[in-house]
Amino acid sequence: MTVGKRKIFNTFFQGLCRSMAFLVIAILIAILVKVVTNGVGVINLSFLFKAPTEGMTEGGIFPAIFGTICITLLMIILAIPVGVSAAIYLTEYAGKNFLGKIIRASINNLAGVPSIVFGLFGVGFFVLFLGRGMDKILGIPLLFGQPAMLWAASTLALLVLPVIIVSTEEALNSVPVSLRESAFALGATKWQVVRNVVLPQARSGILTGAILSISRGAGETAPILFTGCAYFLPRLPVFTIPYVHIPVINPLDQFMELSYHIFIMATQSTNVAATRPIQYGTTLVLIALTFLLNLSAIIFRIYFRKRSR
Amino acid sequence: MERHFDQQLGTLRKNLIQMASMIETAIANAVKSLIERDSDLARLVVQSDEQVDALELEIDKQCVDFLALRQPLAIDLRFITSSIKITNNLERMGDLAVNIAERVIPLSQEPQLKPLIDIPRMATITQTMVKDSIDAFVNRDTELARSVYQRDSTVDAMNDQIFRELLTYMMQDPANITRAVHLILITRHLERIADHSTNIAEEVVYIVKAKVVKHRGYNLEEP
Amino acid sequence: MERHFDQQLGTLRKNLIQMASMIETAIANAVKSLIERDSDLARLVVQSDEQVDALELEIDKQCVDFLALRQPLAIDLRFITSSIKITNNLERMGDLAVNIAERVIPLSQEPQLKPLIDIPRMATITQTMVKDSIDAFVNRDTELARSVYQRDSTVDAMNDQIFRELLTYMMQDPANITRAVHLILITRHLERIADHSTNIAEEVVYIVKAKVVKHRGYNLEEP
Amino acid sequence: MNYDLQSSNFRASNVPNSTSPESGLKRFGDKRISDLLVESRQANVNRQRIQEFIIEKLLFAGGMAAILFIALIFIFLFKEGVKAFFLIKPIEFIGTHILDFDDNRVFACMWQPVGESGKYSIVPLLIGSFLVALPATVISTILGVGCGIYLAEIASAKVREIVKPAIELLAGIPTVVIGFLCLTLLATYVQNAFHTTFRLNAFVGALGVSLVIIPVIASITDDALRAVPNELREASYGLGATKWETIWKVVVPAGISGVTASIILGMGRALGETMIVVMATGNAALVTGNVFSSVRTMTATIAAELGAVPQGGPQYCALFLVGSLLFFITFVLNLVAELIISRMRKKLRL
Amino acid sequence: MKVEHGIKGQQKTKITLDGLSFYYGKYKAIDNVSMEFFECMVTAIIGPSGCGKSTLIKSINRISEITNDVQVEGKVLLDNKNVYDRDVDLVDLRRRVGMVFQRPNPFPKSIYDNVAFGPRLYGVNNKKRLDEIVEYSLVKSALWNEVKDRLNQSAIGLSGGQQQRLCIARALAVDPEVLLMDEPCSALDPTATARIEELIEDLKKYYTIAIVTHNMQQAARISDYTGFLLNGQLIEYNITTAIFTNPDKKVTEDYITGRFG
Amino acid sequence: MKVEHGIKGQQKTKITLDGLSFYYGKYKAIDNVSMEFFECMVTAIIGPSGCGKSTLIKSINRISEITNDVQVEGKVLLDNKNVYDRDVDLVDLRRRVGMVFQRPNPFPKSIYDNVAFGPRLYGVNNKKRLDEIVEYSLVKSALWNEVKDRLNQSAIGLSGGQQQRLCIARALAVDPEVLLMDEPCSALDPTATARIEELIEDLKKYYTIAIVTHNMQQAARISDYTGFLLNGQLIEYNITTAIFTNPDKKVTEDYITGRFG
Ligand SMILES: Nc1ncnc2c1ncn2[C@@H]1O[C@H](COP(=O)(O)OP(=O)(O)OP(=O)(O)O)[C@@H](O)[C@H]1O
Ligand SMILES: Nc1ncnc2c1ncn2[C@@H]1O[C@H](COP(=O)(O)OP(=O)(O)OP(=O)(O)O)[C@@H](O)[C@H]1O
Ligand SMILES: [Mg+2]
Ligand SMILES: [Mg+2]
Ligand SMILES: O=P([O-])([O-])[O-]
């Protein structure tokens, strides 16, 4: 090949890659622009803070927003402690033997299992097996044995658990062995090493991983389709403690959720075309919510990377 | 903070200076014993040689160890290699002092051949050469070193002159022969001592300036 | 594949051997010129010294460069430091050969003092010592080296004997004095040459066995 | 200079100077540091041991809980799935004999679980899944790898700072949003462009799914290429290669396992994607090779039907079987990808 | 391997390896090594890559056990007490036997916190005490003057050589008796290396030091004793000058004159 | 800086740096350096860390330009042609000026493909030709005997020293005139280092070699000329033996005797 030809190739292919990248960015922008321009019109305080009315063709989406936040919080509470401690145990305490390898591989792979499979498991195990089972034992009909926020959150927690474990493990493993060795050499015990050396170093990695997994969970629809989401629920999943009148979230109640709301409105609502603005409005809120999480993770990462340099 | 490297070099230097001073003393004593016909002093000189020899071995070992352990370069390297040669020279000077002393012992038994005039003069010059070469080494003084090897020809000339003079003595009276021959050998030893001082002075120039002046004639000027 | 390190050591070794063989020749020629009263040969010896001096400087430089550039250790280091000393000795041996030759020139002008018997014998022994010390160096033969310094005392004894004999000659006839003194100095030079061979032999033992035998008396047995 | 001849007190020893520790200097305050430390530790050594023990057990419990749940997924899914084989004849998962319009008995692959005699052929679902996943993988491989190369090799640091998070943001868009946009907008564009019979079809789904997996592929490719040591690039330039030659002949081959893994993982994601395909592919369980026809994927089937099935019935179990199959396929794909990546790590000595 | 001293018995033995063998799984990394480390001396371990140098010194403070599946035979006596005995407190052992690693690895904390890390582990929290310990350690590691005005800045901002001295200070802060150093200069440039070497020569007044290096010149410069390890076996162990000017064994000579392999 | 040769004018100048300055952004990494590299000689560049050694040699084949935002002043003449001229073909320049880097960096391909990489870039695809080139290059880099039976195995399986020789072979395969080496042994153990040094001394029969090292002993061992660089300035440049036994400048002497900084 002549040198001239080689140079033309060089320019051409670099340009090609660049244009692909910009195409993808353009798509992203197009999506955002579309959602914002179509959705921004319906956004106002009453949209955000009112319940839907008129068979969901009017009114706000407050229950969905509330439900999304509730379920995300519940998921965090369920998933993060277990996930992080499991990761710490696996990397720092468990031996690097064959069983350990198998467990690690399984967890890794579970992170890639489709979310609908988790939904399936959620229905089969949490709602039908566990819930119904508890009901049977307690002798109460249909308290646990029906879709509920608790089961939806558990399913989501299970979905993000491998993600949290994997990212935490990665963060822990990125702490150089030599630092651990140094701490041991100063006479530190295992937990002192983890506490004083490994965790501070891995903190940012763990946190970003956690945020990303939360954002993943918050945007998921499939796992909660049958484990707790309600098509329409004019009230909030809140339960007031008698006598003291303190409202608390009722994890055994069903709930509305943003992504599910979009799905329903777009595919199964009575008048799909008429509710388009509401659909876009809801979409905008959902995107804003997840982007906020993602963005914070990204900023976090950049900040920590800069600081650790 | 002084580096351990320099500390070690310092020790070596101190040992060299000590050896040099021992040699200086030995030569001075040998000459003194000759002039003062003091056979006891001469014997002391002979005895002291053992220490000089031991010190030579010690310094040699230090040099080799230093080369092995410290990998000196440039001026440090020149210092070490020159030290090896300088001890060699010093040791020879010590031996020559002993040789002088050994001849003094029989000489001092016999009556004096003649009043010694030239030999003490030659001895003094030689001694200052020794002293100066050592001072030049201690102070890295190339000027002084240069002056040492410039004096060498004086000593050579005196050696010749004394040689001829002593020949005359011998011819005058065969009874003088033994003593004169001893004296001839003593002047020759002094001449050798001056030569060795010259060598040391040359090494000093080499250490400091990295210039080899040996075998070059001594007419080298400052460049 | 031979390492460049070893190649360079090889060159150094070759130069040392060449220098040694030049010295051997110079000594042989000096002795021959004395015996055959050949002042031309003597002059040749005097002239050849310049080359020896040049070679000494060259080898010295090679040694310093090798120390600076290659950081030799163990046997290589001993080889280099010994080389520095060996060239020093060789150079002195060369000078002594020149000194002998210088005395041969006036001697060969005058009638022979006496038939030379002991001096050639002493010269032969010295020459073999020189040759053997060099062979020992070349072949790293400590046995041969040992034999060299064991012969040194013989040479010393002969030196004394010849000295006394020549003294008698001088006493017999003052006309002999000059020539006898020259011969005394020549034997003394030969004795010094033997000493230097001894030094070389000692260095050989040091190179090969890392054992210092200098100043230890020569009664060391194989351990 | 006047030296004393007798005072030559040099050491003839070749032994290093021996000293004992200068303990005077070790003193510190009123006691040695070591004493202080030992004392201090004595005071709380038991507390420390207990703490150590409890924490280890707690972490162990966390680890076990995670492992337990993960094991449960395997077990439960397959347990329910296997039940299907007892309720339905295995051959029926491929197809059943039915009467066609001319009343001929033909062997047909149909998924019609509702009704008297449910038909449980998984074939149309598999076809549907792959009809979406394959085009999606192809499209996103091209774009994703291109983006990855651009990010890792071509973009300047400043541009990268912006483009990489942007692409990651794309990955952060909830799939339901993309599904929604496919359903409302993209489907129309595609229909207008290709004049397809079905407005919602596999191709629309594939495009939607691509948007989800492009960032995955781009990001992993970027990571893989950036893991290629800079020295290799320098070496290549040093031999006179142009930038593209360096990328194509050195960097990409060195990171090829990572790139491959990213594609495989992307394909896994494509097969497992639910919301987009539910909303954009039309959900008709057809046996077809046409990407412009409506299809019903495995995921969509579960999503659409699970809400209304009685527990333990044949359809319930069949859905679990489909789920298990999906699980199995993605699991294998992930495993392969992981193997490839770990092999690359070894290869590049990371 | 017993070393013959010029002046026998002047040195006090601090550590004795007695028939030590070390296995990684089935692989024998250290093969029946017996040797002594003397108090207030620097002992260097040299040998080709992979000969087991690191394993050897890490087996003294049992850091090598952090890797799973290792097995030890023989004894390591520290002040005549076998560190592999059942009743040995690992924490205390590691306090007494400090360690410095190949690459400078300060914790990503402030300089002060790095040095105070060890004492804090042992429960020292008194600010004044800590200040004293930090100053003491930094002075000893010849870093005090360079950092005294920025003790609260991150240790990551220091140069490589300073970081390594900080790591030494960190090890000194728990007042060890022995310092193990695993190629402490191999990641440093010559100037920083020279500094550390000087420091080591100073520190040996107070500590027994074992240093692994595959830079022979370095071993030659700083150590009093040198051991040559090959394939896990201690080939030769002697006074450093003897090893480098006149080794006993042919293979040692070959190694140090570069004629090996 | 002109060097006085022992035998004046015997050497042919291959590369001339003429008032070369090099900027990273505003930072001047090379400051007005003028020097010559002689044909079939090894020229070593020594100096403390960060003094600009790498930058200096990388500016000869303009690899330093891969980093953005750099600026060059002055000339680099290769056979009297300024490589910074507009009409210089970078591809050809880099073929003529080969380079070997600090860590061995073989491509993760087979040994054969590594060596054949360069020739293939230039369109040589004839199998027999390639075979010849590969053998020739491997023989020259003293690796042929060790790898001739496993040319198709991955280069990653080779030891560090072998990998570095493979990298040299790879550079030789495009038949360069000049070889630039940036600390080629700093990642290798002493035995492998000795091998490479031997190789360099062999190669200088055919190539002009410029080598950066911060191991002075190495510079001393293998180079014919040595330049001492400090803060981007060429302090002293002379025949190697002169630099190491008798440097002109005080600061050079301080550096090589370790009394610097
Ligand atoms: N964690 C481990 N697991 C298995 N084998 C190991 C482990 N660590 C070291 N080895 C092996 O033990 C042998 C000795 O290793 P060690 O690290 O002690 O060598 P070394 O002399 O320190 O080498 P280097 O100079 O490269 O640091 C080597 O062959 C190595 O492969
Ligand atoms: N890409 C770059 N951008 C900005 N500054 C740089 C860059 N590369 C090097 N420098 C700076 O230029 C100076 C010279 O760097 P160079 O890498 O040439 O030094 P060096 O002598 O090779 O050092 P070392 O021995 O550590 O390899 C250093 O101060 C360095 O910080
Ligand atoms: Mg090691
Ligand atoms: Mg560099
Ligand atoms: O051996 P000399 O004293 O004559 O050099």
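Convention: sequence-line order gives letters A, B, ...; per-chain numbering from 1.
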Discussion item. Under 4.5 Å from any heavy atom of chain C, what part of B:Val64 do you find: side chain, backbone, both or neither?
Written reply: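 Both backbone and side chain.
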Item to complete: Please look at B:Leu185 and chain C and tell me whether the side chain, the backbone, both or neither of the residue comes under 4.5 angstrom of a heavy atom of that chain.
Response: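 Only the side chain of B:Leu185 comes within 4.5 Å of chain C.
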Approximate separation, where rounding is to 0.5 Å, of [X] [atom1] and [Y] [atom2]:
X	Y	atom1	atom2	result
B:Leu67	C:Leu73	CG	CG	10.0 Å
C:Thr81	B:Ile80	OG1	CD1	11.5 Å
C:His196	B:Arg92	NE2	CZ	6.0 Å

Worksheet item: Should C:Val181 and B:Met170 count as side-chain neighbours, where that means a heavy-atom distance under 4.5 Å?
Response: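 In short, these two side chains touch, coming nearer than 4.5 Å.
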Worksheet entry | Side-chain heavy-atom pair B:Asp60, C:Lys85 within 4.5 angstrom cut-off |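 Yes, at least one pair of side-chain atoms sits under 4.5 Å.
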Worksheet item: Is there a side chain to side chain contact (heavy atoms under 4.5 Å, CB included) between C:Thr178 and B:Met171 once you walk through the steps?
Response: CA-CA 9 Å; C:Thr178 318; B:Met171 311 241 183; 3.3 Å; yes
Discussion item. Under 4.5 Å from any heavy atom of chain B, what part of C:Arg78 do you find: side chain, backbone, both or neither?
Written reply: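 Contact with chain B involves no heavy atom of C:Arg78 at all.
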Item to complete: Taking atom CD of B:Gln172 as the centre, report whether more than 12 heavy atoms of other residues, nucleotides or ligands fall under 6.0 Å from it.
Response: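 It does: B:Gln172 CD has more than 12 such atoms within range.
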Item to complete: Against chain B, work out which of C:Ile184, C:Leu69, C:Leu167, C:Asn89 has the most heavy-atom pairs shorter than 4.5 Å and name it.
Response: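 Between C:Ile184, C:Leu69, C:Leu167, C:Asn89, the count favours C:Leu167.
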